[in-house]
**Student:** 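Attaching a single structure in C-alpha cells format; questions to follow.
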Amino acid sequence: MSAPRLGRARHPPLPRTASRRPGRAARLGVLGWTGAALVTVVLLVALVSLLWTPYPPQAADPYARWAAPGGSHLLGTDASGRDVLSLLMAGARTALLVAVLGGALAGLTGVLLGAVGALTPHRVRTATAVLIDVLLAFPTVLLAMLLASVLGGSLGVVIGAVGLGFGVTIARVLRGEFRTAAASDYVLAARAAGMGPVRILRDHQLPAVSGVLIVQLSWTMALAVLAEAGLSYLGYGAGPEVASWGRMLADMQSYLAVYPLTVLWPGLAVTLTGLGFTLLGDGLRDAGGRR
Amino acid sequence: MSGATGLVVSGLTIGINGERLLDGVDVAVAEGQRVGLVGGSGSGKSLTLRAVLGLLPSHAALGGSIRWDGVELLGAPERVLARVRGGEIGIVLQDPATALDPLRRVGAQITEGARRHHRVGRAGARALAVRLAEEVGLPSPADAVDRYPHELSGGQRQRVQIAAALSAEPRLLLADEPTTALDTVVQSQVLELLARLGRTRGLSTLFVTHDLAVLRRAADSASVLDAGRVVEHGPVERLLTSPVSATARALRDAARLTSWDGGRP
C-alpha cells in the first residue's frame, strides 16, 4: 500500500462561481459606456434619416440661403439653401456605411493576413510578415488618393482604402496573437487529439484572437469615420450627390469667417463619432483583460 | 519481446537548429505495460513524447525509428499521424492551467478527440463528456462539463485533460509530468486515478517525470535519461534501491528529500 489514505477530502466539490460570467458589457466602464452611447446615437440618427429628415438633404432652397439657426431650419442652411440638420443626419449614414463596410473589410484582411503571417510554414509566414510591414509603412490616405486617381473618387474607393490600409494594421496585431495561440499548450493538445489545422483554427485560434479583433475593429471604425471625412473633404470620397460630413466642411470652410457656426456641426459630428468608437474600443479592451 | 504491438522507439535522435537534443534513445512500451522515462530538466523526456505523436516543429531534424504496432511513425504522412493522435495514443500535458482552452467549455474539450475519431453527434458528445467526467472523478459531472476551465481547480483541470486524452479510447497514454504542477495531495489523487484507469481500461502508459517517488507509483520499469541519452534502464524498485548511474543516484537522493512515501527502500 503505497498510496496514503486521504479519507473524505478525496473529491472536493467544484469551486463555487457566479452563476454566469459577468458579460463584457457589464465591465465596459464609464468611458466605454459613453462610447457605446455615442455610437448608438449616431446609429439611430442614421436609421431615422433613412425614413425621415426635416427637409430632403440635397434640396436647395435659393430663397433660404444662409438661414440662421432656429425657426424653420433648426441648424440653419448652407450656401445653396440646404438644411444643415438634414445634411448632418444623412451624413451619419455615409460615415457609418464606411465605418461598417470598411471595418468589415479591414477585419477580413487582418484575419487573413494575420493568420497567413502566423500559421503557415516558416518561409511563407516570414514573407507575409515583411509584406505586412511594407504595407504598414504606406499611409492609408495616400493609398486612397492613389486609388481615387485611377478609379475616380467614390465611397467605394474610401471603403477599399480603409479596408486594406487599416486591415494591415489589424493583421500586424493579430499575427502576434495567432502566434501566441499557435504556441499554446491547448493547441498542442488539440493537435495531439488528431484535430486538423482548419478545425483548430475554427475552434481554438479564431476564438483566441476574437477579443483583440473586436477591440481593433472598434478603433478601425473610428479611423474609418475620420478617413471618410478627410477624403471627402479633399474631394476623393463622397461625390456631390452624397451627404458627407467631410464634404460639408469643404463646402462651408470658405464662409468660415462669416458663418462660423456652420463648420461647427459637421466637425462636431465627426469628432464625436470618432471619439465614440475609440472610447468603445478602449472600454472593450479594458473589459477583456488578460486571463 | 512482443515486437509487433505497442510502441517501440529505437535510436531516436532529435536535433534542433544544429544542436543534438536526443542521441539514440530506445524505449519500448508493450501492450499493458507501464513504462517511465526519468531525467532532469532538458534531458529530452518531453521531446521524446512529442516526437512519438509527430508534434515537434517542422525544423526539428529527427532520426531513428518510432514504430507503433509495427508501423513507422517517423516521417509518416499526416493522414497516418492524425489517426494515431488521440485515437490510439493520447497525451496528458504538464500544466493543466495552459493545456485547456480558456474560451471553451470543459465538455467540448473532453470530447474533441471522440468527435474527431468516432462519429459522435452533439447529444452523444455531451453524454460522453458527462460519462468521462464521472470516470475521471470530477464532482457533479453534469455541472462540470458546462464550466469553463478557470472555474475549476488545478486538480480538476488535470482530470479534464485526462478525460480528454481518453475520449477517443487510445491504447497508450503518454503522460508528460502530469502531476508536477499539482500540490502533493492532488498529485497523489491523480496518480491513483491514472493507475485505476490503466487497470480498468487496459491502458499502457509512458510516464515522464523527474521524480522517482512519483514514478514508483506510475510505472514498473523505467529508462533514465541524461542529456539526450539513456544511461540506465530497469525496474523502478531497483532504480530506487540500487541505482547504477550517477544520474539515477542523484534522482534517487532528490526523491528521498522531497517525497512523502518514496525513497524508503
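Just so we're on the same page: letters track the sequence lines, and every chain starts at 1.
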**Student:** Please report the interatomic distance CG(A:Asp203) to CZ(B:Arg104), rounded to the nearest 0.5 Å.
**Tutor:** 4.0 Å
**Student:** Might you work through the side-chain contact (heavy atoms from CB on, under 4.5 Å) test for B:Arg50 and A:Leu188, ending with a clear yes or no?
**Tutor:** CA-CA 9 Å; B:Arg50 281 164 204 218; A:Leu188 185 74; 3.5 Å; yes
**Student:** Write down the atom of A:Ala192, the atom of B:Leu55, and the distance for their closest heavy-atom approach.
**Tutor:** CB-CD1, 3.7 Å
**Student:** Of the non-hydrogen atoms in B:Pro102 and A:Tyr186, which two are nearest, and what is the gap between them?
**Tutor:** CD-CE2, 3.7 Å
**Student:** Where on B:Leu174 is there a heavy atom nearer than 4.5 Å to chain A: the side chain, the backbone, both, or neither?
**Tutor:** neither
**Student:** Tell me, out of B:Thr98, B:Val84, B:Leu152, who's got the most heavy-atom pairs with chain A below 4.5 Å.
**Tutor:** B:Thr98
**Student:** What's the separation between atom CD in A:Gln205 and atom CG in B:Asp101, rounded to the nearest 0.5 Å?
**Tutor:** 9.5 Å
**Student:** Using a cut-off of 6.0 Å, state whether more than 12 heavy atoms not belonging to B:His59 lie near its atom NE2.
**Tutor:** yes
**Student:** Is there side-chain contact between A:Asp185 and B:Gln94, with at least one heavy-atom pair below 4.5 Å?
**Tutor:** no
**Student:** Heavy-atom distance under 4.5 Å between the side chains of A:Met195 and B:Glu112, does that happen here?
**Tutor:**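 Of all side-chain heavy-atom pairs linking B:Glu112 with A:Met195, at least one is under 4.5 Å.
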**Student:** State, with a plain yes or no, whether a side-chain heavy atom of A:Pro15 is found less than 4.5 Å away from one of B:Arg147.
**Tutor:**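 Yes, their side chains come closer than 4.5 Å.
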**Student:** Most heavy-atom pairs under 4.5 angstrom with chain A, which of B:Ile91, B:Leu93, B:Leu53?
**Tutor:**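 Greatest number of close heavy-atom pairs with chain A: B:Leu93.
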**Student:** Would you say B:Arg115 has more than 12 foreign heavy atoms packed within less than 6.0 Å of its CZ?
**Tutor:**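 More than 12 heavy atoms, drawn from other residues, nucleotides or ligands, come within 6.0 Å of this atom.
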**Student:** Under a 4.5 Å heavy-atom cut-off, does chain A meet the side chain of B:Ala99, its backbone, both or neither?
**Tutor:**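 When you check distances to chain A, atoms from both the backbone and side chain of B:Ala99 fall under 4.5 Å.
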**Student:** What part of B:Ser58 gets closer than 4.5 Å to chain A, counting heavy atoms only: side chain, backbone, both or neither?
**Tutor:** neither
**Student:** What part of A:Ala190 is in contact with chain B, defined as an atom under 4.5 angstrom from a non-hydrogen atom: side chain, backbone, both or neither?
**Tutor:** both
